[in-house]
Number of protein chains: 2
Amino acid sequence: MDVTKKLKENGNTPTEARRMPIQARAKKRHEHILDITAELLAKVGVDELTTILIAKSAGISVGSLYHYFPNKIAILYALAQRWLDEINIALDDIDASTEDSEGLEAFTHRCTERVLEVYRRQQGILHLVQAMFSIPELHTLDEEHDAYMIKRFTHMFADQGIEAKGKELERRARVYLEIVHALSLLIVEQSGSQAARTTQDLKFMAYSALAGYHKPQ
Amino acid sequence: MDVTKKLKENGNTPTEARRMPIQARAKKRHEHILDITAELLAKVGVDELTTILIAKSAGISVGSLYHYFPNKIAILYALAQRWLDEINIALDDIDASTEDSEGLEAFTHRCTERVLEVYRRQQGILHLVQAMFSIPELHTLDEEHDAYMIKRFTHMFADQGIEAKGKELERRARVYLEIVHALSLLIVEQSGSQAARTTQDLKFMAYSALAGYHKPQ
DNA sequence: ACCTGAACACCGTTCAAGT
DNA sequence: ACCTGAACACCGTTCAAGT
């Protein structure tokens with residue numbers, strides 16, 4: 001995925017140290033463009049999100065926009081990346097605060113709550129998810145991230161003494177991922193009291209899918 | 001939604017009886033275009049699905065394609081409509097074969113299985129769902145259909161003695177809908193044995209969300 | 001060194017001309 | 001009565017020219 005390569009040139013090698021202020025300014029504009037895009041996404045949706053609209057909203061010309069991003073998809077790609085990074089941070093948080101004797105149920109609840117929080121915080125999450133679903137490049141990114149999450153989850157669940165391993169553990173982690181994803185999107189749209197109850201439902205279902213309660217014995 | 005109006009002119013009023021063969025041919029082409037579109041959708045995805053490609057694949061010119069459908073979205077709209085109609089038929093089937101003493105659990109399992117079958121049968125379902133999510137007109141159609149399903153489900157669940165009513169019953173029906181949708185899309189992609197286990201998970205989760213098992217008391 | 005916006009390519013849609 | 005495909009409008013992208 002060479003779309004990302006260009007976007008990751010933010011490490012400052014020694015020889016570039018003098019140019020730091022300029023890089024910092026560029027980085028700031030880069031972030032600004034992403035913020036504007038997230039706003040527009042929530043306002044007009046993916047289909048009416050034109051590059052000219054993004055440029056105008058960011059106060060620059062189209063040509064200048066293409067100085068920061070190689071194409072329209074790369075902008076949405078970077079936005080998706082930024083959101084997925086938030087999830088990774090959440091996973092790190094969960095990992096850091098885990099205690100051995102916690103048990104699978106309490107762990108799952110905590111985990112679900114923390115991931116839900118990331119969904120809540122992203123403005124226009126529904127449209128972003130829509131873009132991540134319908135644009136092939138973003139879809140690939142999403143799938144890769146899913147694979148990464150499943151890997152981390154299987155380790156975490158194993159540490160909490162889940163009674164499954166190998167392919168079956170992976171399958172359960174995937175089911176966990178899918179229902180957390182689907183219901184988080186629902187919860188974000190619901191009112192306070194409804195959201196609270198659906199969150200309860202989600203936690204229960206997530207745990208029982210992981211614990212394999214439905215199985216005979 | 002006036003896109004649909006044109007598509008529903010299939011009832012034969014007496015005065016049009018003479019023209020039936022022509023209408024029948026038109027109807028056949030109409031269906032043929034939808035089949036071709038479903039195929040292409042599965043093959044190339046929404047983004048590379050151009051009107052010229054559809055026309056060429058169907059063996060007609062672009063202009064002729066526009067004789068059958070007012071625009072590109074209308075084609076996808078009709079395809080979505082046709083799929084949603086399959087679901088409605090499934091609901092009718094379920095309704096027709098329901099017995100009073102069945103109980104909520106058995107009913108939910110049967111219901112879930114039947115809906116899953118509709119997902120399995122639609123070719124390129126993933127891309128169709130993607131289109132239904134990302135194109136505003138189709139999204140509206142989908143939301144309206146969700147509302148319709150929730151209405152029907154609440155009645156069915158009530159008949160099976162669910163312990164909830166009003167807004168809470170609707171909320172549970174929505175949660176039911178969302179997890180059946182999310183996991184059906186996963187199951188369709190899975191291998192036989194994995195699919196069987198995830199179907200088990202789904203049935204269990206669906207039932208427990210409806211029964212409200214997680215609640216204190 | 002960075003920005004601009006007219007110009008180009010491509011796709012959805014139309015309509016004058018054909019049969 | 002129906003079909004065709006060149007022509008038009010619009011949006012993503014480029015690049016010669018400006019500061």
Side-chain angles (χ1 to χ4, degrees), chain A residues 2-3 6-7 9 15-30 32-33 36-37 40-41 43-79 131 134-138, chain B residues 2-3 6-7 9 15-30 32-33 36-37 40-41 43-79 131 134-138:
Chain A
D2 67 336
V3 188
K6 223 162 229 167
L7 310 176
E9 310 281 354
T15 56
E16 290 178 281
R18 249 210 293 174
R19 260 180 277 154
M20 255 300 283
I22 290 165
Q23 284 211 1
R25 194 145 45 91
K27 168 97 200 227
K28 207 170 170 184
R29 262 213 192 162
H30 183 105
H32 182 230
I33 291 167
I36 290 289
T37 303
L40 290 173
L41 208 51
K43 213 183 291 170
V44 306
V46 194
D47 299 272
E48 277 158 50
L49 186 78
T50 66
T51 49
I52 287 172
L53 181 63
I54 296 172
K56 216 191 295 179
S57 303
I60 55 178
S61 69
V62 225
S64 196
L65 179 65
Y66 276 81
H67 180 72
Y68 291 95
F69 296 94
N71 53 52
K72 182 183 168 179
I73 287 172
I75 304 173
L76 292 168
Y77 193 98
L79 193 61
S134 62
I135 299 167
E137 285 86 344
L138 304 212
Chain B
D2 67 335
V3 187
K6 222 161 226 166
L7 310 174
E9 311 280 354
T15 55
E16 292 178 279
R18 247 210 295 174
R19 260 180 279 153
M20 255 297 286
I22 290 165
Q23 284 211 1
R25 194 146 43 92
K27 167 98 200 230
K28 207 171 171 184
R29 263 212 193 163
H30 183 106
H32 183 231
I33 291 166
I36 291 289
T37 303
L40 290 173
L41 208 51
K43 213 182 290 171
V44 305
V46 194
D47 299 272
E48 277 159 50
L49 186 79
T50 66
T51 49
I52 288 173
L53 180 63
I54 296 173
K56 216 190 297 180
S57 303
I60 55 178
S61 67
V62 226
S64 196
L65 180 65
Y66 277 80
H67 180 72
Y68 292 95
F69 295 94
N71 53 53
K72 182 183 169 180
I73 287 173
I75 304 173
L76 292 168
Y77 193 98
L79 192 61
S134 62
I135 299 166
E137 286 86 343
L138 304 212

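In what follows, every chain begins at residue 1, and chains take the letters A, B, ... in the order their sequences are listed. These numbers come from the heavy atoms of this one structure, side chains and all, not from hydrogens, waters or symmetry mates.
Rounded to an integer number of Å, the gap from B/Tyr66 OH to C/dC11 P is 13 Å. For the pair A/Ile73 CD1 and D/dC11 C1', the computed distance is 13 Å after rounding to whole Å. Atom P of nucleotide C/dG18 and atom NE2 of B/His67 are separated by 20 Å, given to the nearest angstrom. Following rounding to the nearest Å, A/Tyr68 (OH) and D/dT13 (C1') show an atom-to-atom distance of 18 Å. The interatomic distance linking B/Tyr77 (OH) with C/dG12 (P) rounds to 20 Å, in whole Å. With rounding to whole Å, A/Lys72 atom NZ is found 16 Å from D/dC10 atom P. Going from atom CZ of A/Arg29 over to atom P of C/dC3 covers 5 Å, rounded to whole Å. We find that CG of B/Leu49 is positioned 15 Å from C1' of C/dC10, with the value rounded to whole Å.
Distances were taken from every side-chain heavy atom of B/Ser61 (C-beta onward) to each of D/dT13, C/dT4, D/dC3; the shortest belongs to D/dC3.
Between B/Ser57 and B/Leu40 the shortest heavy-atom distance is OG-CD1, 3.6 Å. Nearest heavy atoms, A/Ser134 versus A/Pro136: O-CD, 3.5 Å. Across all their heavy atoms, A/Thr51 and A/Leu65 have their closest contact at O-CD2, 3.5 Å.
Among the duplex regions that DNA chain D forms, those built from at least three successive Watson-Crick or G-U pairs under 3.5 Å are C:4-8 with D:12-16, C:12-16 with D:4-8, ordered by first number.
A 4.5 Å side-chain heavy-atom check between A/Leu41 and A/Leu79 finds at least one atom pair inside the cut-off. Side-chain contact between B/Tyr77 and B/Ile135 is absent, with no heavy-atom pair separated by less than 4.5 Å. For the pair A/Ile60/A/Arg29, a side-chain contact is recorded, criterion being any heavy-atom separation below 4.5 Å from C-beta on.
In this structure, A/Ser64 reaches the bases: a heavy-atom distance under 4.0 Å links it to at least one base atom across the strands shown.
Look at B/Thr51 and you'll find a side-chain N or O under 4.0 angstrom from OP1 or OP2 of C/dG12.
Taking CD1 from B/Ile73 and CG from B/Leu138, the interatomic distance works out to 7.0 Å, rounded to the nearest 0.5 Å.
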